[in-house]
Amino acid sequence: MKYVDEYRDAALVHKLAAAISRVTTRPWTIMEICGGQTHAIVKFGLDDLLPRNITLVHGPGCPVCVTSADLIDQAVELALQHGVILCSFGDMLRVPGNGIDLLTAKARGGDVRIVYSPLDAVTIALEHPAKPVVFFAVGFETTAPANALAVLRAEREHVQNFSILTSHVLVPPAMRAILGSPDNRVQGFLAAGHVCTIMGTQEYGPIAREFGAPIIITGFEPVDILEGILLCVMQLETGRVGVENAYARAVRSEGNVHARRIVETVFEICDRDWRGIGVIPQSGLAVRPTYAAYDAARRFPLAKSCGNCASECISGEIMRGVKKPHDCPAFGTRCSPEHPLGAPMVSSEGACAAYYRYRSRALETVPA
Ligand code: SF4
């Protein structure tokens, strides 16, 4: 395929892996932020090509995985108790909340519909003017522009029965939280290239300097990822710290200015509860009061937080890079894609799902 095959070129992959081996003299732990990068690493066995003293750990960049159980409970409540048509991307339907998941809510009579765009939910609202329609707006900076556009379209077309239940999260505050935690082992980051196509690269310099951690803006194909690791190791080995863009074919330092402006019009920054991790200050997006009419959290009397579900799921430790999926006692036994105990086993971007799919018999763990 044009523009993909060249980034999966085997000769180039092995050349980059050899270059990483040549420059590595000490153990380093590097975190890839995005679940898409995690899946590429596990699917293509990229970590097996690295020297043994490079450890890759998997970050919190799977939006489904970090959406709090409380918000899933609220989505279920909307579907079952408020007569709402609840629209969602399909991968949210089997994520456990504190009680039931959205698929069970649908089986119990809730009008839960899978859509492929938030604009589809606006169309559904136009088709059913007598019914409230809520879109479950989950995601990072990457999906925020489309969700903001849905609100702006609803306003422009006077769609009064449409609103969004927002669970937007932001990458840089999560990186700060990981680097600042007492048990942190991450020494460098592969930042998520698609987030940077929207937001640019300028937020990362202060984080790299404050924590002494290189940050490499990285894409999603094998060549992209190995190039990101090589640049990261070169910085770590030489004691340099900075931000480098290894995804220049898609990312400009200022990002997508138009998309950012749309996001800033509709959303404001708020504290956000990350599933398994806890509340990270200033790490989410909430609907601005100006657009309160499109904010499901304001329109409906939803139950307040009762805390994320007590569970044997260790997803928080996995997403902070402290553990890997095989360290979870439930992995592949009590927890599987058919019977998930936690979101990372459900989502197509979850680390546990990647390990289950591509290497469920391997025994890799984070070295002590
Ligand atoms: S294997 Fe299941 S229970 Fe364990 S961390 Fe992953 S999602 Fe959670």
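In each ligand, atom 1 is the first atom listed, and ligand 1 is the first ligand listed. Basis for what follows: all heavy atoms, side chains included, without hydrogens, waters or symmetry-related copies.
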Donor-acceptor side-chain pairing of [X] and [Y] below 3.5 angstrom:
X    : Y    : result
T104 : D101 : yes
H168 : N147 : yes
W274 : S283 : yes

By number and element, which atoms of ligand 1 are closer than 4.0 Å to a non-hydrogen atom of I318? 5 (S)

How does the hydrophobic cluster around F162 look, that is, which other residues are in it when side-chain heavy atoms under 4.5 Å mark a link? I85, F89, V115, V122, I124, L126, V133, F135, L149, V151, L152, V159, I164, L170, I262, V263, V266, F267, I269, L285, V287, Y291, Y294

According to ring pair (Phe, Tyr, Trp, His ring centres under 6.0 Å), does anything in residues 17-53 pair up with another residue at least two apart or in another chain? List the pairs.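 Passing the test, one end in residues 17-53: no pairs.
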
For residues 13-23, which residue pairs pass the side chain to side chain donor-acceptor pair (under 3.5 Å) check, not counting sequence neighbours? none

Please report the number of protein N, O or S atoms that lie less than 2.8 Å from atom 2 (Fe) of ligand 1.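 Atoms of protein N, O or S type lying less than 2.8 Å from atom 2 (Fe) of ligand 1 total 1.
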
